[in-house]
Amino acid sequence: IEELAETIKAEPSFTLSPRLGISHPITDHSKLYFNYGHFYSEAGSTYRFRLQRESNGLVTKLGNPDLNQERTIANELGYSHGLNNIYLLDLADYYKDVTNQPGWVVYRDASNTVSYSKAESNNYQDIRGLEITLSKPRGRFVSGFVNYTYMVKTSGYFDLLQIYQNPQAQRDYEKRNQRDSK
């Protein structure tokens, strides 16, 4: 397949990653803060360059070097309060929107004799939560923190995870297919 298949050059990608952080003191022991940012990451090499074969030579997994970069847009609104110059109480509300996560899409021919997976940027996550942290950052013998986090995460995918050449099999798959979960 390496000698017969047509090859094309992968396109370079360029992204800007803006970030903003604002902190405003309310009293001499407390502050209100806000953080916002766009974060990007490359898909793992297994999604981009994999070429997996069975012992009979059939290709079963095919990477995709042109995958989009995974993007996370995150923001956080929080309040910090110092208690007796010993403890620090942090309350934060956060939200993350993650898109273009890599995943595998299965392609099947009409007779189910050819089946392979190709990497695509079709998964997402939507994460929101509340975090409460009580910490003792300094201490002669004891320092540490206690944290409670409440988080709701929705994840799923765009488009389909399986593509059938047989239209009836494709309709059956689409009827029973669940696109996201919480």
Side-chain angles (χ1 to χ4, degrees), residues 10-52 60-106 117-159 161 177-182:
E11 294 295 321
S13 64
F14 175 79
T15 55
L16 290 176
S17 189
R19 297 178 184 158
L20 173 69
I22 299 172
S23 179
H24 183 69
I26 299 172
T27 68
D28 58 340
H29 294 290
S30 62
K31 70 177 178 180
L32 189 62
Y33 62 91
F34 174 75
N35 296 311
Y36 174 84
H38 289 227
F39 306 90
Y40 293 89
S41 63
E42 286 287 331
S45 60
T46 188
Y47 291 110
R48 294 172 51 219
F49 306 116
R50 187 174 196 169
L51 180 59
Q52 178 178 319
T60 56
K61 287 209 183 236
L62 190 59
N64 182 356
D66 284 325
L67 287 175
N68 296 324
Q69 291 186 6
E70 182 178 314
R71 181 184 76 180
T72 301
I73 299 175
N75 61 59
E76 176 184 39
L77 178 64
Y79 173 77
S80 287
H81 189 86
L83 305 168
N84 298 333
N85 289 329
I86 299 173
Y87 299 101
L88 181 64
L89 177 65
D90 284 313
L91 306 169
D93 180 42
Y94 62 90
Y95 175 76
K96 296 178 186 179
D97 176 29
V98 185
T99 56
N100 292 333
Q101 290 181 311
W104 296 103
V105 176
V106 178
S117 300
K118 183 179 176 194
E120 300 288 344
S121 296
N122 61 352
N123 294 325
Y124 72 88
Q125 286 184 335
D126 183 61
I127 305 164
R128 62 191 76 218
L130 175 68
E131 192 170 71
I132 301 168
T133 305
L134 180 63
S135 61
K136 184 179 180 202
R138 295 179 302 231
R140 185 170 176 177
F141 298 108
V142 177
S143 65
F145 67 93
V146 175
N147 175 277
Y148 174 78
T149 302
Y150 175 78
M151 178 177 70
V152 175
K153 179 173 84 169
T154 302
S155 60
Y157 54 90
F158 301 105
D159 211 8
L161 294 181
N177 187 30
Q178 181 180 351
R179 290 188 181 231
D180 55 77
S181 62
K182 266 190 182 177

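Everything numeric here is computed off the predicted structure, so don't read it as measured data.
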Side chain to side chain contact (heavy atoms under 4.5 Å, CB included) assessment of Y33 paired with L77: CA-CA 6 Å; Y33 62 91; L77 178 64; over 6 Å; no

So, the side chain of [X] versus the backbone of [Y]: is there a donor-acceptor pair under 3.5 Å, distance only?
X: N64; Y: D66; value: yes
X: T27; Y: H29; value: yes
X: N100; Y: N68; value: no

Neighbour count above 12 (heavy atom, 6.0 Å) for [X] [atom1]:
X: K61; atom1: NZ; value: yes
X: R19; atom1: CZ; value: yes
X: Y87; atom1: OH; value: no
X: F145; atom1: CZ; value: no

Y124 ring center near F158 ring center (under 6.0 Å): yes

Counterpart residues, salt bridge (Lys or Arg N to Asp or Glu O under 4.0 Å), relative to E42 (two or more places apart): R48

Steps toward side chain to side chain contact (heavy atoms under 4.5 Å, CB included) verdict (L67, Y47): CA-CA 8 Å; L67 287 175; Y47 291 110; 3.7 Å; yes

Row check, W104 ring normal vs K118 NZ/CZ: under 6.0 Å, within 45°: no

Any side-chain donor near an acceptor of the partner, N147 and T149, under 3.5 Å: yes

Side chains of Q125 and S155, donor plus acceptor under 3.5 Å: no

Residues Y94, N35; criterion side chain to side chain donor-acceptor pair (under 3.5 Å); working and verdict: CA-CA 9 Å; Y94 62 90; N35 296 311; over 6 Å; no

